[in-house]
Amino acid sequence: MADERRRLHVVRDGAASSPHDRSRALDSLLTRAGRGDEQAFADLYDAAAGAVYGVALRVLRSPALAEEVAQDVLVEVWQHAARFDPATGSARAWIVTMAHRRAIDRVRSEQAHADRLRRHGHLFEASAPEPDDIVDVSYRAWRAERVRDGLSRLSDKQREALELAFTKGYTHTELARSLGVPLGTAKARVRDGLMKLRDLWEESP
Amino acid sequence: MSHLEHQAHTLLAAYVLDAVDRDERAAVDAHLAECADCRADAAALRETVADLAEADAEAPPRAMRDAVLGRVAQTPQLPPTVSQAPSSAPARRRPRRTAWLVAAAAVAVTGIGAAWGALGGDSASRTLERDVIAVASAPDAHTMELALGDSHLVMSDRMDEVAVMGHAAPMPAHGMEYQLWFVLQDGSYMAGPTFVPDDDGDVMTLADLHDETIMGFTVTEEPMGGSEAPTGDMVAEVSL
C-alpha cells in the first residue's frame, strides 16, 4: 500500500502542475493542518519533507543530524500550523525558511562538536538510510536548473557571499571576516545577490 | 527614516537568510512589526530563499515519515495568534519558573490568563506560549483530552508543570472565568490558574505541579478572579 501511495503521488505531482499550483496546494494543506487535519499534514509531509530534509542536509551535511532537525521542524510546522497566514507569504516559504533557520541554529550550536568529528573523519561517513522516493525528480531538476541559472547571473563575489551565508550560516560579521572585506561590503554583497535573484525569479516564476 | 530603521532595512536580506546575530534579529523583528513595506519585502525575499532551498530537495530517509507522523499524532497544536512570524526555537527551552503558583499566586496567575484572553499577541502571552510548548515538547509529556471544546491537558513530571491548550472552547457565562483545579490525594482541591478563551475560542494556560501528587484535574466556572475552592459548575474533568 505504501508503494501504491508513492506511485500515485509521483503521478499527481507530475509535470502537469505548475509551481504556482503546487505552492497554492501547499498553502491549503498547511491551513487544513492548522485545524488539526492529520491527513492534510500527511499530504503536506509528502509535498514538503524533501525540501525540509534537503535544506537541513545542505546546511548540516550529516544525514543523521539533518534527519533529526528535519523531524523537529516538521513537528514544529504541525504545532504552529494555525499561525500560518497565507496573506503574509506562501506555506512553502514559511516551512522552508523555518527549516533553514533551525538548521543554521543547529550548525551554530554544533560547530565545535562537528569540528571535532570532522578531524576524526566521522562526519562524512556515509550513513545510508533507505531514501524515500517521494521527491519528484522532474520538478526537482527544474528547480535546480532555475537556481543554477539564477546563481550564474550573480557576480562571483555576490555568489560566494550568498553561498556562505546560506549554507554555512555565517552572519555577515563572520562573512566580512572570512572574506577579508569591510562589514558594509559583506552586507551589500548578500543583499544585492539575494535581491537580484528575487528580481529574476519574480519576472519568470 | 531613523538610523535604526535604515539599519533594519539594510539587514532584511541577511535576516531572511538567518545571517544576523540575535540583537540584529531583534531590531529587524521590531521594525517589521511596524513597517508594512518591509514586511512585504521580507516576504518576497523569503520566497527567494525558499527557491534557493528547494533546489536542494533531497529524499529523506523512508522511516522519517512514520516517525514524524507518529510524533504529530501525539503533539497538541498551538492556537493561532496575531503575530505571523514563526516563533523562535521554543522546543528545548526550559520555561522560566515564575509565580505560576497556584494557591499562593492566584491573583498573578489570573492576570496572565486574562492577558492571554484579551490581548493574544503581547509579550506575556508569547512567554506563556513558549512555556506551554516547552511542556508539550517535554520527553515525558503526557497528553489527555479535556472536554472544553477541542482542548488538551499536557502534563510533564520532569518539568513539574501542566499546560492546558486548545481551541473551540465555549465562552464561560458573563462575568465568569474558567479555573483549573488540582485534585490532591486526600480528595481536596488546590486552586490553579483562571483562564478565558480569546475571541476565537482559543485557550492556553500553564501551572506548576508544585511537587504535589495529583490525582486529577477539574475545570470549573468561577467568578472573575477565581476562587479559593471550587464553587461553580464543573465543566471538565481528567483523572490520572
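Numbered from 1 within each chain, the chains take letters A, B, ... in sequence-line order.
- Between chain A and the options Leu45(B), Leu11(B), Asp41(B), Asp150(B), heavy-atom pairs under 4.5 Å are most frequent for Leu45(B).
- With a threshold of 4.5 angstrom between heavy atoms, Leu175(A) does not approach chain B through any atom at all.
- Ala40(A) and Asp37(A) make their closest contact through N-OD1, 2.9 Å (heavy atoms, listed as atom of the first residue, atom of the second, distance).
- Both the backbone and the side chain of Gln71(A) come within contact range of chain B, with heavy atoms under 4.5 Å apart.
- Closest approach of Ser90(A) to Glu47(B), counting heavy atoms only: OG-OE2, 2.7 Å.
- Contacts between Leu12(B) and chain A at a heavy-atom distance below 4.5 Å are absent for every atom of the residue.
- Counting heavy-atom pairs under 4.5 Å between each of Arg191(A), Glu174(A), Arg35(A), His172(A) and chain B puts His172(A) at the top.
- Ranking Val75(A), Leu151(A), Ile104(A) against chain B, the residue ahead of the rest is Val75(A), based on heavy-atom pairs under 4.5 Å.
- Interface check for chain B: of the options Val59(A), Val190(A), Leu194(A), Leu74(A), the most heavy-atom pairs under 4.5 Å are formed by Leu194(A).
- In this structure a side-chain-to-backbone donor-acceptor pair under 3.5 Å is missing from Arg102(A) to Val73(A).
- Of the residues considered (Ala43(B), Ala168(B), Ala14(B), Ala53(B)), Ala53(B) shows the highest number of contacts with chain A, using heavy-atom pairs under 4.5 Å.
- There is no side-chain donor-acceptor pair under 3.5 Å between Gln77(B) and His167(B).
- Ion pair Asp72(A)/Arg71(B) flagged as a salt bridge, since at least one NZ, NE, NH1 or NH2 atom sits closer than 4.0 Å to an Asp/Glu carboxylate oxygen.
- In this structure, the side chain of Tyr53(A) does not engage the main chain of Ala57(B) through any donor-acceptor pair within 3.5 Å.
- Side-chain N or O atoms of Arg83(A) include one that pairs as donor or acceptor with a backbone N or O of Pro79(B) at under 3.5 Å.
- In this structure, the portion of Leu69(B) lying under 4.5 Å from any heavy atom of chain A is its side chain and not its backbone.
- For the 3.5 Å distance criterion, the side chains of Thr75(B) and Gln79(A) fail to qualify, holding no donor opposite an acceptor.
- At a 4.5 Å heavy-atom cutoff, the contact between Arg198(A) and chain B is made by backbone and side-chain atoms alike.
- Per-residue counts of heavy-atom pairs under 4.5 Å with chain A were compared for Thr48(B), Val20(B), Asp21(B); the largest is that of Thr48(B).
- Classified by interplanar angle (parallel below 30°, tilted 30° to 60°, perpendicular above 60°), the ring pair His100(A)/Phe166(A) is parallel.
- Proximity to chain A is absent for every atom of Ala40(B), based on heavy atoms less than 4.5 angstrom apart.
- Using a 4.5 Å cut-off between heavy atoms, Leu57(A) touches chain B through its side chain atoms alone.
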